[in-house]
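Reading through the structure tokens given below for one structure.
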Amino acid sequence: MTDPSCLFCRILAGAIPSEQVGQNDLAVAFRDLDPQAPTHVLVIPKVHVATLPELAASHAEAAVAVLTLARQVAIEDGVGDAYRLVCNNGSEVGQSVFHAHMHVLGGRAMTWPPG
Ligand code: DGP
């Protein structure tokens with residue numbers, strides 16, 4: 001299930017180039033176009049669902065696959081278990097692409113709270 005008007009569906013389809021760094025049966029990982037850390041990877045489900053909470057409600061296995069792949073990518077990118085997972089849920093808090101995704105950020109010191 002894809003949405004041809006969705007940027008990430010078009011990346012999944014190969015219509016827009018991306019630097020893919022991993023995948024499993026239900027999720028794909030590629031580097032963010034505008035990296036905010038030495039490791040900045042987006043992990044997305046192959047199915048088109050607008051937000052991660054909606055994905056968890058409708059496709060629980062895909063939500064788990066996103067988390068599993070996030071960990072695998074962090075390890076393979078050399079940051080081990082020291083990474084931050086960010087999900088901007090809703091335009092008010094910074095979500096700009098409405099295809100569920102998780103940011104995997106690592107490779108530098110980070111502060112809290114986030115901005
Ligand atoms: P968010 O703002 O949380 O919805 O994150 C969307 C991210 O998508 C943002 O960090 C930038 C990234 N992005 C936008 N367009 C592209 C693109 O064409 N390719 C890649 N690799 N990343 C993109």
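First listed ligand is number 1; within each ligand, the first listed atom is number 1.
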Sub-6.0 Å ring centroid separation between H103 and H101:
yes
So V104 and L85, side-chain contact (heavy atoms from CB on, under 4.5 Å) or not? Walk me through it.
CA-CA 5 Å; V104 183; L85 294 179; 3.8 Å; yes
Between D32 (side chain) and H40 (backbone), is there a donor-acceptor pair under 3.5 Å?
no
Do NZ/NE/NH1/NH2 and the carboxylate oxygens of K46 and D25 come within less than 4.0 Å?
no
Mind running side-chain contact (heavy atoms from CB on, under 4.5 Å) on M102 and L42 for me, showing each step along the way?
CA-CA 6 Å; M102 189 128 252; L42 299 170; over 6 Å; no
Proximal atoms of ligand 1 relative to Q95 (non-hydrogen, under 4.0 Å)
4 (O)
What atoms in ligand 1 come closer than 4.0 Å to a heavy atom of I11?
17 (C), 19 (N)
Counting heavy atoms only, which part of E19 comes closer than 4.0 Å to ligand 1: side chain, backbone, both or neither?
neither
Does any N or O in the side chain of Q95 come within less than 3.5 Å of the main-chain N or O of G90, such that one atom is a donor and the other an acceptor?
yes
Please report which non-hydrogen protein atom sits nearest to atom 14 (C) of ligand 1, along with the residue it belongs to and the distance in Å to one decimal place.
L7 CD2, 3.9 Å
Look only at the side chain of E76 and the backbone of V73, and say whether a donor-acceptor pair between them is shorter than 3.5 Å.
no
Can a non-hydrogen atom of H103 be found less than 4.0 Å from any atom of ligand 1?
yes
Closest protein heavy atom (residue, atom, distance) for atom 1 (P) of ligand 1
H101 NE2, 3.2 Å
Compare N89, D34, V93, D32 and give the one whose heavy atom is closest to atom 12 (C) of ligand 1.
D32
Do any nitrogen or oxygen atoms of S18 lie less than 3.5 angstrom from nitrogen or oxygen atoms of ligand 1?
no
Closest to atom 4 (O) of ligand 1 among protein heavy atoms sits S96 N, 2.7 Å
Below the 3.5 angstrom mark, is there an N/O of F8, backbone or side chain, next to an N/O of ligand 1?
no
Considering non-hydrogen atoms of the protein only, which is the closest contact for atom 22 (N) of ligand 1, and what is the distance?
L33 N, 3.2 Å
With nothing but distance in play, are any N or O atoms of G94 less than 3.5 Å from an N or O of ligand 1?
yes
Residue and atom name of the nearest protein heavy atom (relative to atom 21 (N) of ligand 1), distance in Å to one decimal:
R31 O, 2.8 Å
Answer with yes or no whether F98 contacts ligand 1, where contact means a heavy atom under 4.0 Å from a ligand atom.
no
Do any N or O atoms from the side chain of R108 and from the backbone of Q36 form a donor-acceptor pair under 3.5 angstrom?
yes
Check D77 with R31, please: is the shortest side-chain N to carboxylate O separation under 4.0 Å?
yes
